[in-house]
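See structure below.
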Amino acid sequence: MPEPTPVTMSATLAADEALARRRRAGERVLSMASGEIGLPVLPALRDRLAAAADENRYGSVAGSPALRTAAAGYWERRGLGVDPGLVVAGPGSKSLLFALLLAIGGDVIVPVPSWVSYAAQARLVGARPLPVPILPGQGGVPDPDRLRAAVADARAAGQNPRAVVVTVPDNPTGTVASAATVRRLAEAARELDLVIVSDEIYGDLVYDGSAPAVSPALHAPERTVVTTGLTKNLALGGWRTGVARLPDGEPGRALHTRLVAVASQIWSSPPAPVQSAAAYAFGEPPEVTERVAASRRLHETVVRAVAARFTAVGAQLAPVAATCYLYPDFEPLREQLAATHGVHDGDGLAGLFSERYGVGVLPASAFGEPARPLRIRAATSHFYGDTDERRTAALRAADPLALPWIRESVDRVGEVLADLTGARVPGALVPHP
Ligand SMILES: Cc1ncc(COP(=O)(O)O)c(C=O)c1O
């Protein structure tokens, strides 16, 4: 029997667990490592989940008709109408992404940087992750020209790229690829005969004033699989629910059959009570859309305040347009960080944040970048409060930055950055917006 594929713990989940251990040991820590959305369950969803607790049958492998129909409606309202028969629900979009890579086969193009699990999942299914850089400020989508070159090289070398994964909007950069880049990516994928796996888990978290995210499914409907879920927009990560929208036409239907077969061999069916609540959520009644809008506003306010702290000390940051993530680059501070702290790369920088200040962030290398860049990813989604009462207040606040617990976390980032970079008076540099 061959040796098992090497696999490491997801960097985000490992960092969260390490910080939780330190907090339990009494240390002062600030978690900016994972994108766990620290917000409470919407009561209407909790009630639906509870009311369905007696549903103990496996149910259909692809998910209940109610959930698949509701998810199809969700996509239809976004210009991506789909036959509910082509929707597959699963225990989280992460599981669906893994099953899709298995079902598609071949090697996988991944953007650099990109979410920690794409490359790891590709390796687990026995595929090669083929890294292709993004265009500056347009995270989540590989540069279409470099994609063409990378696929040509890979095929010439006997490799078999069959899929390209994109993230719109993006984790880790908090940016959204432009409509033109998404269109060019779709054209390149068609030319190269690649399946596009479009991870749109952050689709509802584009800030109100930013240009909307465009799905590649609009430009290459015959070859784009879209995945999403309720983990980010409704903070339901622990409920493990996600959905995939398969393309219409013969290849899409064949892929659907394979995906459902994989699902049947791994998770059998999505959890029945969660499906009941998820069907309600994907129907987007007013309390759901209001909650998603409130969380979007909260992320934007806090992300912008934290971004201002980073830029105030000289870090570079592409304007964040969505999500709860920032991806600052400390390159302009390279000499200073080397001289003062002996830090020469992103791993060292993330280590410094964690060890000296108790601030959990992830190095760019966790997202497939080389070690050298002085980039880190920071998430603000743990700032909203440590009780449901505080989190609800954060969602309702006209000015979340005026809430003492949020203010304290944002100020702590300012203090840490001031100490790290030798900036003199952080409060004065970055007044309360
Ligand atoms: C880009 C991206 N895709 C997928 C996921 C996983 O989502 P789910 O909870 O639906 O498995 C995450 C979670 O952090 C993510 O950041």
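Here the structure is a predicted model, which means the values were calculated and not measured. Counting starts at 1 for both ligands and their atoms, in listed order.
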Exercise. How are the rings of His299 and Tyr384 set to each other: parallel, tilted or perpendicular (split at 30° and 60°)?
Worked result: tilted
Compile the donor-acceptor pairs under 3.5 Å between side chains in residues 50-63 and protein atoms, sequence neighbours left out, one pair per line.
residue, atom, partner, partner atom, Å
Ser60, OG, Ala62, N, 3.4
Ser60, OG, Gly63, O, 3.1

Show the distances, to 0.1 Å, for all pairs joining an N/O atom of ligand 1 and a protein N/O atom that are shorter than 3.5 Å, listing one pair per line.
residue, atom, partner, partner atom, Å
ligand 1, 3 (N), Asp199, OD2, 2.6
ligand 1, 7 (O), Ser93, OG, 3.2
ligand 1, 9 (O), Thr231, OG1, 2.6
ligand 1, 9 (O), Arg240, NH1, 2.8
ligand 1, 10 (O), Ser93, N, 2.8
ligand 1, 10 (O), Ser93, OG, 2.7
ligand 1, 10 (O), Thr231, OG1, 3.4
ligand 1, 11 (O), Ser93, N, 3.2
ligand 1, 11 (O), Lys94, N, 2.9
ligand 1, 11 (O), Arg240, NH2, 2.8
ligand 1, 14 (O), Lys232, NZ, 2.8
ligand 1, 16 (O), Asn171, ND2, 2.7
ligand 1, 16 (O), Tyr202, OH, 2.7

Problem set entry | Electrostatic pair Arg184-Asp145, nearest N-O below 4.0 angstrom | yes
For this session: Name all residues meeting the salt bridge (charged side-chain N to carboxylate O under 4.0 Å, His left out) criterion together with Glu284; count only those two or more places apart in sequence or in a different chain, and write none if there are none.
Result: Arg77, Arg78
Got a list of side-chain donor-acceptor pairs under 3.5 Å for residues 88-113, not counting sequence neighbours?
residue, atom, partner, partner atom, Å
Ser95, OG, Pro91, O, 2.7
Asp107, OD1, Arg128, N, 2.8
Asp107, OD2, Asn160, N, 2.9

Problem set entry | Ionic contact status for Arg190 with Glu187, cut-off 4.0 Å | no
